[in-house]
Each structure stands twice: as structure tokens, then as C-alpha cells.
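Step one of this worksheet: look at the structure below.
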Amino acid sequence: MNPVLAERSLHDCRDAWVEELVRLAEGDDRIVAVVNDSVGSSKLGPFQQRFPERLINVGIAEQDMVGVGAGLANGGKVPFVSAAACFLTARAMEQIKVDAAYSQHHMILVGQSPGMAYGELGPTHHSIEDLSWLRTIPGLTIVVPADPVETTHAIRWAAGHDGPVFVRVSRMGVPQVNPADYQFQPGKAVVLREGNDVTLVATGTVVARALAAADELAGEGVSARVLSMPTIKPIDTAALVSAARETCGIVTVEEALTTGLGGAVAEVIVRHHPAAMRFVGVPDTFAPTGSVEWLLDHFGINAAGVAAAARELLALA
Amino acid sequence: MNPVLAERSLHDCRDAWVEELVRLAEGDDRIVAVVNDSVGSSKLGPFQQRFPERLINVGIAEQDMVGVGAGLANGGKVPFVSAAACFLTARAMEQIKVDAAYSQHHMILVGQSPGMAYGELGPTHHSIEDLSWLRTIPGLTIVVPADPVETTHAIRWAAGHDGPVFVRVSRMGVPQVNPADYQFQPGKAVVLREGNDVTLVATGTVVARALAAADELAGEGVSARVLSMPTIKPIDTAALVSAARETCGIVTVEEALTTGLGGAVAEVIVRHHPAAMRFVGVPDTFAPTGSVEWLLDHFGINAAGVAAAARELLALA
Amino acid sequence: MTIEEDLVPALDPNAVPSDPFVVLGRVPDDATEAQAVAHLKEAARLVRRRDIQMVHAAGLGHVGGEFSVVDILVTLYLQAMNMTPDHLGDPDRDRFILSKGHAAAALYTTLAIAGFLPPEQLFTFMRPLSQLNGHPARTKISAVEASTGPLGHGLPIAVGTAVAGKLDASPRRTFVVVGDGELQEGSNWEALMTAANHRLAHLCVVVDRNRLQQGAAVADTNDLEPLGDKLRSFGMEVVDVNGHDHQALLAAFRAVPAPSGRPTAIIAHTIKGYPISFMSDNVGWHHKVPSSEQVAQAMSELEAS
Amino acid sequence: MTIEEDLVPALDPNAVPSDPFVVLGRVPDDATEAQAVAHLKEAARLVRRRDIQMVHAAGLGHVGGEFSVVDILVTLYLQAMNMTPDHLGDPDRDRFILSKGHAAAALYTTLAIAGFLPPEQLFTFMRPLSQLNGHPARTKISAVEASTGPLGHGLPIAVGTAVAGKLDASPRRTFVVVGDGELQEGSNWEALMTAANHRLAHLCVVVDRNRLQQGAAVADTNDLEPLGDKLRSFGMEVVDVNGHDHQALLAAFRAVPAPSGRPTAIIAHTIKGYPISFMSDNVGWHHKVPSSEQVAQAMSELEAS
Ligand SMILES: Cc1ncc(C[n+]2csc(CCOP(=O)(O)OP(=O)(O)O)c2C)c(N)n1
Ligand SMILES: Cc1ncc(C[n+]2csc(CCOP(=O)(O)OP(=O)(O)O)c2C)c(N)n1
Ligand SMILES: [Mg+2]
Ligand SMILES: [Mg+2]
């Protein structure tokens with residue numbers, strides 16, 4: 001049993017996001033927040049109270065929101081553009097491509113409650129495409145924290161990185177999976193568990209479920225390596241190639257369509273060290289109605305599903 | 001030398017698209033066209049002259065354009081929504097996700113002059129992300145014709161398919177690569193050339209370049225199988241698995257970021273039959289300024305580049 | 001794509017307090033204006049009762065925006081629109097699109113009371129595999145014309161439907177309800193421009209003008225005023241009505257198509273959370289879920305109303 | 001991402017007919033109004049001469065929309081704006097964004113004549129690896145504030161820049177030029193609403209009102225009229241000027257910020273292809289490339305003008 005999982009209380013990473021944003025803003029008055037009537041869903045209340053004039057609410061207008069963010073960057077500010085991930089990405093895709101990425105502005109796009117965090121609200125409010133959509137855009141860094149500690153570090157790093165960054169932050173409760181002394185390294189995988197039989201590569205909200213699968217496999221005498229991928233782009237090629245070389249295969253685990261992390265890993269593997277893979281995530285379908293926990297289990301994005309996928313790879317070896 | 005390539009004259013597939021659209025519209029008054037001030041860039045002049053009232057020009061407003069298309073479908077029409085691929089996809093991404101795909105409307109989205117067809121106009125006008133973006137959307141069929149014959153068939157098929165379809169049509173001159181008696185089969189790869197040493201999987205405008213590479217390789221005694229992929233989604237898994245099993249590896253060739261066809265093929269291969277791959281296309285970068293032909297050569301998306309990638313795979317085997 | 005939503009959801013009649021729910025159906029054709037208004041008033045009361053119970057049971061919903069739009073919905077479905085459950089296939093029937101899809105519970109309940117949806121299905125609201133998710137989907141409910149939820153989609157779709165009607169010289173009218181905050185989305189202004197230039201007289205845009213959006217007042221977020229001038233300058237025939245006055249709404253809907261040939265924009269002045277004392281005009285109730293006590297109080301207030 | 005654009009492009013001085021090109025620079029501070037206008041008139045003539053030669057040499061470009069906006073550009077860069085090549089780093093300098101990025105050749109040429117860009121670089125226009133592609137990019141030219149090309153991006157960005165200026169209580173003004181067809185994009189109306197509600201008095205939106213878009217007249221595509229009413233209802237201070245009258249333009253730009261505290265919208269009435277006889281007001285010249293004969297005739301007409 002992974003020690004960090006001993007601490008079972010669940011956290012809403014939006015708390016860590018806003019706490020860090022306020023802390024950064026205290027020391028850097030270039031930092032502003034841009035929202036689309038999303039103060040509540042972004043949990044930005046504390047920031048708004050502390051810096052009312054630095055919270056720019058453009059109303060329900062995502063194209064304007066991202067464009068205004070780029071303009072604020074041009075004007076010397078460091079904008080954190082925060083909105084529900086589904087609307088931020090789908091509605092402002094060209095602004096993300098042109099105003100943020102192609103223009104290489106120092107601006108941070110914070111996609112709130114992505115994946116299926118808004119499960120019952122239906123596919124229009126699910127953001128299961130965002131990782132696949134954004135990872136193809138040149139010049140954009142994509143960070144997907146797995147817990148509060150990583151969220152804090154990711155926000156702090158993005159504030160200091162002179163380029164466009166997308167950070168995925170969810171309301172879904174997650175346990176802390178990283179140690180308290182965790183240090184975020186952009187572009188680097190985090191080895192949460194050593195192992196040489198099979199590799200589990202997970203990102204964001206479901207890293208804890210991959211660790212639980214590793215526990216289950218350990219009970220069967222299988223040593224599973226668990227890599228947490230806080231950075232989806234650029235992806236850690238070296239860590240993935242070692243995994244392909246040293247274990248029987250790779251299972252990717254994500255709260256997204258498997259063209260996201262799964263696709264990103266596959267694209268590295270086939271070019272550098274072909275190996276068998278299994279994708280755990282949302283298959284090629286719009287999700288039905290249900291709570292996020294129900295949906296994750298429905299799609300087998302849980303310990304049992306990940307362990308089963310790992311056993312398939314072990315059987316091939 | 002592939003016989004069909006003997007005929008070297010180049011074609012602008014937009015001519016085949018509009019010719020077929022007019023032909024279909026003659027026989028089916030449900031067919032309408034929706035554009036964003038893109039009559040000229042879509043070469044829709046003949047359609048506009050023949051059916052002025054059935055050409056709905058919403059002006060420069062892509063979100064409105066796709067929404068209006070969905071509404072026309074709701075009203076019993078069969079809308080062909082035609083605009084430059086870069087704006088149609090990036091600007092109306094959420095309308096494509098929700099109004100077309102999730103709503104499963106019978107509407108055809110025609111992405112004009114994608115890839116780097118507008119080379120000199122710069123990255124804002126390049127549509128190298130479209131295949132990667134759209135192939136992740138559930139319920140959307142993606143067709144990328146390689147020549148006029150395939151374009152005609154794809155448009156005809158889409159007009160009769162009760163669901164959302166994206167068709168990629170380019171102004172870039174291409175030779176005819178398919179036989180005159182060609183029949184389009186949705187979801188099926190087209191074997192343009194048999195071969196058992198290595199496989200070249202190409203789509204759209206650059207299929208001819210893959211065939212030229214096969215000729216070059218043949219001169220070296222290498223028999224390259226050439227698969228043309230008119231359908232990117234759903235992808236032909238069976239043909240790809242056979243290629244992985246029967247040849248030493250797969251080279252994908254596309255006028256797009258390699259997360260498009262390359263990624264789609266890799267995702268099949270790692271799950272069904274791990275094999276070595278090389279991606280020929282636009283790497284993770286915005287393209288510099290230049291004509292489309294210059295840019296294709298710049299990125300090695302040509303006979304020499306494809307042949308070199310194939311030799312790398314043969315060297316591994 | 002697998003359409004998992006086709007699976008039949010598990011119905012649980014105990015999910016919400018079983019409440020007398022009559023499928024009232026349309027206002028009888030021979031009803032007097034007074035009888036019609038009484039019929040609509042009763043329908044609105046039943047819809048609000050069921051709506052708040054559904055939201056309470058699901059633990060999710062948008063009661064504020066649902067209660068502000070209920071009177072508009074019942075007036076359209078039970079009287080103003082030429083649309084009946086047995087003629088859904090008629091190309092000349094009227095069309096309705098709820099662009100502010102977050103008020104789905106009000107739409108589902110109205111569809112049920114009008115006979116377009118089996119009342120039992122309401123019990124599945126937001127349950128696993130339910131056809132009734134938090135926002136209406138055309139692939140899941142036959143009477144729903146457009147899948148909405150992301151704001152700013154419904155109006156362009158309504159324009160397309162209206163253009164199709166005009167091409168077919170059909171008498172059908174297309175009604176679309178947008179939120180006031182929703183009008184901050186530029187896609188709506190693109191669509192209004194298109195509607196006016198295509199002289200879509202059979203299009204009627206109803207603005208649920210409750211003056212509040214998700215996190216604050218519209219005026220404190222990105223003000224729309226002068227809204228009437230904006231809509232007129234975009235070529236609309238603008239009408240102001242009390243959005244809770246069934247008689248006034250009936251008159252406004254009857255006036256479509258306008259003689260001017262312009263598309264109609266009805267600014268329906270409403271109160272978010274109407275008529276519940278503790279919800280009315282209170283932004284806190286955009287998507288707050290009522291407690292059992294609050295449901296009980298709302299119920300008694302609805303009786304009194 | 002590899003920034004291949006950093007590679008130095010191969011310059012070819014013979015790419016375009018070498019034409020006397022003087023880096024005129026700003027209107028001298030001590031110039032009289034008459035001298036200023038003469039300076040701007042000469043600058044506009046030189047810019048149009050070079051622009052049409054660049055487009056001819058590249059075989060690509062948007063001469064019509066370039067010629068309609070030239071007088072606006074030179075008036076801003078050579079006189080109206082507080083912006084000089086040696087003070088680009090000054091946070092309080094004025095800002096300019098060409099939202100109708102397809103008129104890039106006119107911007108590049110104006111930047112060159114104003115001293116922001118080495119004239120030799122103009123020869124690389126649209127050449128392989130050139131920093132001057134068909135639409136301006138901020139990563140390629142230091143004086144360019146925003147990468148444009150897709151219509152409807154520049155105004156929201158200008159609003160953000162203006163908000164930043166207001167937060168810093170900076171006197172700087174932000175000017176943005178949009179095409180009239182471009183105003184069909186809803187993103188502009190989102191931005192105008194935001195600008196007015198944030199009372200961005202230091203923002204000035206210039207509409208290049210040449211009445212034509214890519215394929216037809218704006219009125220025949222999706223009409224904008226009554227444009228003044230639309231802009232006023234969205235909270236703008238609206239001013240109409242002749243977009244080819246340097247003196248009128250100077251006066252309009254001087255009036256920013258407006259005493260009302262509202263952002264300014266200048267409707268600059270222009271002629272697409274101005275002043276060339278065979279191009280003027282002719283939609284065919286949106287992106288038609290002139291032949292050598294047409295270039296020659298345009299040149300002689302420019303001398304006469
Ligand atoms: C494109 C988009 N952005 C944001 C949201 C989140 N959201 C849901 S409801 C709402 C407020 C809507 O306000 P209004 O249109 O006035 O509706 P009403 O007051 O009638 O509830 C917001 C911002 C959304 N659904 N779609
Ligand atoms: C989002 C988007 N859609 C379409 C285009 C293609 N396009 C380039 S210029 C143009 C016409 C612009 O007309 P207008 O704004 O009036 O410019 P001007 O007349 O000054 O050239 C169009 C449709 C584009 N650049 N961006
Ligand atoms: Mg409201
Ligand atoms: Mg114009």
C-alpha cells in the first residue's frame with residue numbers, strides 16, 4: 001500500500017489553485033485573473049475579495065476572455081485565464097492557437113473541472129477532448145496536477161514561465177499522492193512507485209486509482225511501475241522509453257478520451273521502442289449521464305480496470 | 001512506376017467538390033450550402049449561380065455558420081458547411097462537438113484548403129491541427145480524399161450518410177492516384193500498391209508523394225506497400241494490423257501535424273500489434289512562411305523524406 | 001460511437017416525493033382567454049412543484065433560472081405553439097429551442113405536462129444512464145430540437161431552422177429562449193445579424209430578462225443595457241412583456257410573425273426564482289440546491305400563489 | 001517548438017523593382033498642420049507604391065484592403081501615435097493592432113517608412129522563411145503587438161491591452177483597425193461590450209468602412225447598417241470621418257480619449273483600392289494580384305494623385 005495513500009482525505013485542487021494564486025498575486029502585482037462569469041466555479045472568491053480590480057470578468061464570452069488575456073500580457077500583466085475547461089478549450093480554440101500559442105504570450109490558461117467532473121450535466125459540460133486537442137498545438141505547455149501539492153507547484157511554475165501554459169484543475173476530490181516535499185519538474189515524469197513487470201502511466205485526478213491498481217497487482221506478486229505525468233506536453237520521452245524497455249508494456253490512465261495521454265505515449269513508443277499498450281480512459285464515445293465517480297467506474301477507470309489491463313499485457317509477455 | 005501516376009496533370013479537388021455538389025443538388029432540393037464569405041475560396045460560384053437561394057452566406061461568422069447548418073438539418077435540409085479548414089475547425093470547435101457530433105445531425109463540414117495550402121499566408125491560415133482535433137470527437141466521420149475521383153465519391157457518400165461528416169478538400173494541385181472506376185468504401189484503406197517489406201500509410205494531398213517514394217524504394221529492391229487512408233475516423237484497424245504483421249514497420253505520411261494520421265495509426269498499432277513507426281508530416285512546430293510545395297519539401301514530406309523514413313525502419317528489422 | 005444512453009435507465013418512483021402530477025395537456029381550443037390563463041397558471045404551478053422536487057432529489061439543478069422561465073415555457077407548449085405530441089413529424093409545426101439549456105428540469109417537466117414525455121421518466125433526472133441529463137439532448141428526447149448547455153448555441157441553430165422554413169415557404173414559427181447573461185456571447189449577435197438580414201419574420205427570440213447570471217447581476221458583470229436599442233439596431237422587432245403574465249405572453253407570441261417582416265425579440269421581464277420569497281431575485285439561487293425544509297416552504301408558497 | 005522563423009531569410013534586392021523608398025519618419029514636431037498633412041500624403045503615396053510592387057512580386061496580397069487602410073496607418077504611425085522606434089520598451093507609449101491582418105503589406109510598408117522595420121526586409125515579403133508572412137506576427141516583428149489574420153481577434157486583444165493600461169493608470173492609448181466585414185464576427189461585439197462596461201476611454205476602434213468584404217459588398221452578405229446605432233448601443237463614442245482625409249483623421253485621433261469617458265469608435269469611410277481607377281470600390285480587387293501593366297498604370301495614377 002503506497003504510504004501517501006494512507007492519508008485518505010480527499011481534496012478539491014481548486015482550493016490549492018486559488019490559495020497559490022493569491023499568494024503569488026500578493027508578491028507580484030502583474031498577476032491578474034480573467035474569467036467568464038466563472039468566479040464561483042473557479043473558486044476565485046478569495047482572489048476577488050483581496051484584489052477586486054485585478055479580477056477581470058468579461059461575462060459569458062470565451063473568445064473575448066482569451067483575447068483579453070493576450071492583451072493583458074501585451075500590456076505587461078501576467079494573466080491567469082480561468083474557466084470551465086469544456087468552454088475555455090472548445091469555445092476559444094482559435095484564440096488559444098493564435099493569441100496564446102502562436103503569439104507565445106506569457107499567459108496561463110486554467111481549465112477548471114475538466115474530464116467528467118460535471119458528470120451529471122452531460123457531454124456538453126464534459127471536457128474529455130481537451131488533452132487531445134491542446135497537446136497538438138505547438139508551443140503550448142500542458143500541466144495536469146494530480147493533487148493539491150502538485151497544483152500549488154504547477155501554478156507557481158507557470159506564473160514564472162515566459163510562455164503559454166494550460167493547467168488542468170479539477171473539483172473532483174483526490175487524495176494527496178505526492179510527498180509534502182514534492183518539487184515540480186516541467187516535462188518530467190514522477191516515479192511514484194518502482195517496478196519492473198509492467199508500467200502504469202497516469203495523469204491528474206486518476207493517478208491515485210493507478211496507485212491502487214499497483215497495490216492490487218502487488219498482491220498477485222506483480223511489481224508495477226507507476227509514473228505520474230504532470231506534464232502532458234512536452235512529454236517525458238526518456239521515462240517512457242525506459243518503461244517500454246524495462247517492463248512488459250504500458251497502461252495509460254486518464255480522465256479523458258484515450259487520444260489524450262494514451263495517444264501521446266503511443267506516439268513516443270512506436271518511434272523509440274515499440275511495446276504493447278493498453279489505454280484506460282474514455283473510449284471513442286460521449287459519456288452517459290452520471291456522477292464523475294460513477295462514470296470513472298463505468299469506463300473501468302479504476303483499480304480493477306487498470307489491473308485488468310495490466311494483466312492483459314503480462315499475459316502477452 | 002505506378003500507372004495512375006503516369007497521368008501527371010495536377011487537379012484542384014475543389015473543382016470535383018463543387019461539380020458533385022451541383023450534381024447532387026440538381027436531384028435533391030434538401031441540399032444547401034452554408035458559407036462564411038467563402039464562396040470564392042470554396043469555388044462555390046457555379047452552385048451560387050445555379051441555386052442562389054440555396055447558398056446561405058452568414059458572413060464572417062463561423063460559430064453562426066455551423067449552428068445555422070445544424071438548424072438547417074433540423075429543418076429537413078442537408079447542409080454542406082464550407083469554409084477554410086483553419087477557421088471552420090478552430091473557430092467553431094464547440095459547435096462541431098455539440099451541434100454536429102453530439103447532436104448527430106446529418107450535416108457535412110467541408111474544410112477547404114487545409115494543411116499548408118495557404119503556406120505564404122502564415123500559421124494563422126494553416127490548418128495542420130484539424131485532423132488531430134477532429135479525430136478525437138466521438139461520432140464524427142472524417143474523410144480526406146486524395147484526388148478528384150475520391151473527392152467526388154466522398155461528397156456523394158457524405159450526402160447520403162445520416163450523420164455528421166468532415167471532408168477535407170484542398171486547392172493544392174494533386175495528380176489522380178485512384179483508378180477511374182474507383183469506389184469509395186467508408187472506413188476502408190485503399191491498397192494502392194502491394195508490398196511486404198515496409199508499409200507507407202498516406203492520406204489526402206500527399207498520397208502521390210508516398211507512391212513516388214515507393215517507386216524510389218522499388219529501385220532499391222524494396223517492396224513498399226502503399227495504403228491510402230481516405231477515412232481517418234473510423235480508421236481501418238484490420239488493414240493497419242496486417243501491415244504491422246506482414247511488413248517491418250509503418251511510415252505515415254500527411255500534410256498535417258503528425259498527431260493526426262500518425263497518432264491515429266500509432267494508437268491502433270500499440271494495442272493490436274506493436275511495430276516500429278516513423279511519422280512524416282509537420283513536426284511539433286508552426287510552419288515558417290513559404291509556398292505549400294516549398295513547405296512540404298522543407299519538412300521532408302516528399303519522396304525522399306518518406307523513402308528515408310522507410311529505410312530507417314528497414315535498418316531496424 | 002456507442003450510444004450508451006440507449007440503455008433503459010432504472011426507474012425509481014421513490015426518488016422524489018410522489019406528487020400529484022397531472023398531464024394537463026394543451027389549453028382546450030374552445031377555452032376562453034380567462035380559462036386559458038387559468039389553465040396555464042395551474043400548469044406553471046405544477047411544473048414548479050415538480051421541478052424543485054426533481055432538483056432536490058438529484059442534488060443538482062438551476063432552480064433560479066428554471067422558475068424564471070416556467071411561465072414562458074408553459075405558455076408556448078400548452079397554447080401558443082402549433083406543436084402536439086402526435087404531430088412531431090409535421091414539417092410545418094412550430095419549433096422550440098431552449099438555448100439556456102441549464103434550465104433543463106423546467107423543460108423536461110413542461111414536456112411531461114404537455115404530453116411529450118412520460119412523467120415517470122422525470123424520476124430519472126440526472127441519474128446514471130438517464131436520458132434526462134443536466135442539459136437537454138436531441139438524441140435523447142424526441143421533442144428536443146437542439147442539444148444545448150453551452151450558452152450561445154441555440155439562437156444560431158434557431159436561425160438555421162427558420163431559414164429552412166423560409167426556403168420551404170412553411171408557416172412554421174421558431175421560438176428560442178435565451179438567458180440575458182447568455183447574450184454576452186458573440187455568437188448570438190452573429191445570429192441576430194443573420195436573422196435580420198434574411199428577414200426571418202417567423203423567428204421569435206425570447207430573452208429571459210431576469211437581470212442575474214451565474215455569479216452576479218448582469219449589470220455588474222458585463223451590462224447589456226440599453227438592450228432594446230441593441231436588439232433594434234440589429235434589426236429586431238422588439239417587444240417588452242412581463243414574463244410571468246401568461247396573458248401578456250400569449251398576446252406577444254400571437255403577434256409573431258410581425259407585420260414589419262422583421263424577426264421578433266421579446267424581452268420577457270422576469271424574476272429569477274419567481275415566485276418563491278427566499279429565492280426571488282437572489283443570485284445565490286442560480287444553482288443552489290434547496291434543503292427539505294426549503295422545498296417544503298416553496299411548496300406551501302406555491303399553493304398560496 | 002522550434003522557432004524556424006528565426007532563420008535569417010535570403011534577401012534578394014531584385015525581388016521587386018527597386019523604387020525610391022525614403023524612410024520619411026514621423027511628422028516633425030514643429031510642422032504646421034499643412035506641413036503635417038503634406039508629409040502624410042507623401043508617405044501614403046510611397047507606401048502604396050511599395051505595397052503594390054510587393055504584392056506583384058509575391059504574387060499574393062490584399063491590395064484592395066491595403067489601399068483603403070493606408071491613410072489611416074500613416075496618420076497613426078507618423079503623427080497621431082506616441083510611438084517611436086527608439087522607445088518601443090516604454091510602457092506608456094501608444095499601441096496599435098491591425099486586426100484586419102490580411103492588409104499586412106500595408107502595415108509592413110508603413111512600419112518601414114516610420115523606421116520600425118529595415119526597408120530591405122520588405123523584399124522578403126512572403127518568401128520562404130521570411131518574417132513577413134501574409135499576416136503580421138508578434139513573434140517575428142518587434143513593433144507588432146498582436147499576431148492577426150483570423151478576423152475578430154484584434155479587438156479583444158486591444159481591450160486587454162487597454163484594461164492593463166487602465167490598471168496602471170497609464171496615459172497610453174490603444175488603437176485597433178478592424179474591417180467592416182470583420183465586424184460580422186461576434187467576438188468583436190463581446191469585446192465592445194467589455195470595453196464600454198470597463199469605460200476604456202483610451203481605446204480607439206477604427207472601422208475601415210470600405211463597404212466591401214472578400215466575395216461581395218457587406219450589405220449583400222450580412223449587412224451592418226445601422227452601424228452607428230449598433231456601436232452607440234454597445235456604448236461607444238461614435239465618430240464618422242473620411243478615411244482618406246489625413247486632416248480629418250488627425251482631428252479624430254486627437255479627440256481620444258473622449259470627454260464622455262466612453263471608448264471611441266471611428267467609422268472611417270474609405271474606398272477599397274483607393275485611389276486607383278480600376279481598383280476603386282471593386283470587390284474583385286480584394287486579393288487579386290496586379291499584372292505588370294496594372295502595376296505600371298497604378299504607379300502613374302499615384303504620381304498624378
Ligand atoms: C459557453 C458557456 N459558458 C459558461 C457557462 C456556465 N454557465 C451556466 S449558466 C450561466 C449563467 C447564465 O446566465 P443567464 O443566461 O442569465 O441564465 P439565467 O439567469 O436565466 O439562469 C453560466 C455562466 C455555460 N453554460 N456555457
Ligand atoms: C475568421 C476568419 N474568417 C474568414 C477569413 C477570410 N477572409 C480574409 S479577408 C476577408 C474579408 C474581410 O473583409 P473586411 O473585414 O471588410 O476587410 P477589407 O474589406 O478591409 O479587406 C475574409 C472573409 C479570415 N481571415 N478570418
Ligand atoms: Mg439571467
Ligand atoms: Mg471591407
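Values reported hereafter were calculated over all heavy atoms of this structure, with side chains retained and with hydrogens, waters and symmetry mates removed. Proteins get letters first, then strands, A, B, ... in listed order; numbering begins at 1 in each.
- Side-chain contact annotation: C:Asn197 with D:Asn222, donor-acceptor N/O pair under 3.5 Å present.
- There is no contact between C:Leu231 and chain D, counting heavy-atom distances below 4.5 Å.
- Across every non-hydrogen atom of C:Pro226 and D:Ser233, the tightest pair is CD-O, 3.4 Å.
- Note on ring orientation: taking the six-membered ring where Trp is involved, the planes of D:Phe234 and C:Phe234 are tilted (angle from 30° to 60°).
- When side chains are defined from C-beta on, C:Trp189 does not count as touching D:Glu185, because their heavy atoms never get closer than 4.5 Å.
- A 4.5 Å side-chain heavy-atom check between C:Glu190 and D:Gln184 finds every atom pair outside the cut-off.
- With respect to chain D, the highest number of heavy-atom pairs below 4.5 Å among C:Thr194, C:Leu227, C:Asp223 belongs to C:Asp223.
- The shortest side-chain heavy-atom distance between D:Leu224 and C:Met193 falls under the 4.5 Å cut-off.
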